[in-house]
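Notes follow the structure.
Both counts, for ligands and for their atoms, begin at 1 and track the order of listing. Start at 1 with the first residue, then count along the sequence. Bear in mind that the values here come from a model prediction, so they are computed numbers and not experimental data.
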Amino acid sequence: MKHSQDLLDDVQEVLLTEEQIAAKVAELGQRISADYAGRELTLVSVLKGSLPFMADLMRRITLPLRIDLMEVSSYGGTSTESSGLVRILKDLSAPIEGRDVLLVEDIIDTGLTLNYLLRYLRGKNPHSITVCALLDKPARRLVEIPIGYVGFEIPDAFVIGYGLDYGEVYRNLRFVGVLRPEAYES
Ligand code: IMP
């Protein structure tokens, strides 16, 4: 793949602005703070794409909470398609038994990654486990996933920015956008 020196040159369309994302994250934080009042909340985020969302969301939640991080890679897929075969590169660093877990995800596409993760985490006996996803692409879902909190439903396009990458690039864009087709050409 080739990308421009100025990443903005590769963006065809801004789907969600920085301001729209910030407002939505604040709203989600308020709802989560109200829903989990008095409970033992642990936010679990999945690297690397969820990093900006996790960092912003945790600061919009007013409850005492713990955070933990996992990293997974799906293998057998391509840079724009998930395979559903998930390898855990980094596991949780503390037990979640008895805790209320909020799984913080950047985007749910086919749902295969999350389906695997939910089964894995349920095996660790949390008191509850709920998904909070910034973006949802329902048109591409292959497995039904219960999602507790969703930021935005988006159309079936490959998006980049605010943590999301194409070939590990574009994660540092402050908005969510669609790539120009030329950026996909290798
Ligand atoms: P799923 O298993 O198909 O639901 O894919 C989940 C993972 O694929 C996400 O956590 C992202 O890392 C990645 N992904 C899915 N769609 C996109 C996209 O449009 N842009 C960037 N990454 C994506």
Open item on the list: With a 6.0 Å cut-off (strictly less than), is the heavy-atom count around CZ of Arg180, excluding the residue itself, greater than 12?
Closed with: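 Yes, because the 6.0 Å sphere around CZ of Arg180 holds more than 12 heavy atoms from other groups.
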Task: Residues, nucleotides or ligands: over 12 heavy atoms within 6.0 Å of Gln12 CD - done: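 Atom CD in Gln12 is crowded, with more than 12 foreign heavy atoms closer than 6.0 Å.
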I'd like a table of donor-acceptor pairs (distance under 3.5 Å, sequence neighbours excluded) in which one partner is a side-chain atom from residues 151-164, with atom names and distances.
unit_1 : atom_1 : unit_2 : atom_2 : d
Tyr162 : OH     : Asp56  : OD2    : 2.6

Task: Main-chain N/O of Ala55 paired with Arg59 side-chain donor or acceptor, under 3.5 Å - done: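 Here the side-chain-to-backbone pair exists.
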Task: Asp10 and Tyr166: CA distance, side-chain angles, deciding distance, side chain to side chain donor-acceptor pair (under 3.5 Å) verdict - done: CA-CA 11 Å; Asp10 294 343; Tyr166 176 68; over 6 Å; no
May I ask whether [X] has any heavy atom positioned less than 4.0 angstrom from an atom of ligand 1?
{"X": "Ile107", "answer": "yes"}
{"X": "Gly49", "answer": "no"}
{"X": "Ala157", "answer": "yes"}

Task: Counterpart residues, salt bridge (Lys or Arg N to Asp or Glu O under 4.0 Å), relative to Arg60 (two or more places apart) - done: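 Residues passing salt bridge (Lys or Arg N to Asp or Glu O under 4.0 Å) with Arg60: none at all.
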Task: Phe158, any N or O under 3.5 Å of ligand 1 N or O - done: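 N/O-N/O distance under 3.5 Å: no.
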Open item on the list: Polar contacts were defined as any N/O atom of the residue lying under 3.5 Å from an N/O atom of the ligand; does this apply to Leu114 and ligand 1?
Closed with: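 In this structure, Leu114 places no N or O atom under 3.5 Å from an N or O of ligand 1.
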If the cut-off is 4.0 Å to any non-hydrogen atom of [X], which atoms of ligand 1 fall inside it?
{"X": "Glu105", "answer": "10 (O)"}
{"X": "Asp106", "answer": "9 (C), 10 (O), 11 (C), 12 (O)"}
{"X": "Asp165", "answer": "21 (C)"}
{"X": "Thr113", "answer": "1 (P), 2 (O), 5 (O), 6 (C)"}
{"X": "Lys137", "answer": "16 (N), 17 (C), 18 (C), 19 (O)"}

Open item on the list: Please compare Leu142, Leu164, Leu117 and report which has the shortest non-hydrogen distance to atom 22 (N) of ligand 1.
Closed with: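 Considering heavy atoms of Leu142, Leu164, Leu117, the nearest to atom 22 (N) of ligand 1 sits in Leu164.
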Open item on the list: Under a 3.5 Å threshold, yes or no: a donor from one side chain and an acceptor from the other, between Thr42 and Arg66?
Closed with: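 Absent: no donor and acceptor within the cut-off.
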TODO: Please determine, by modelled atom types, if Asp91 and Tyr120 share a side-chain donor-acceptor pair under 3.5 angstrom.
DONE: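 Yes, Tyr120 and Asp91 have a side-chain donor paired with an acceptor closer than 3.5 Å.
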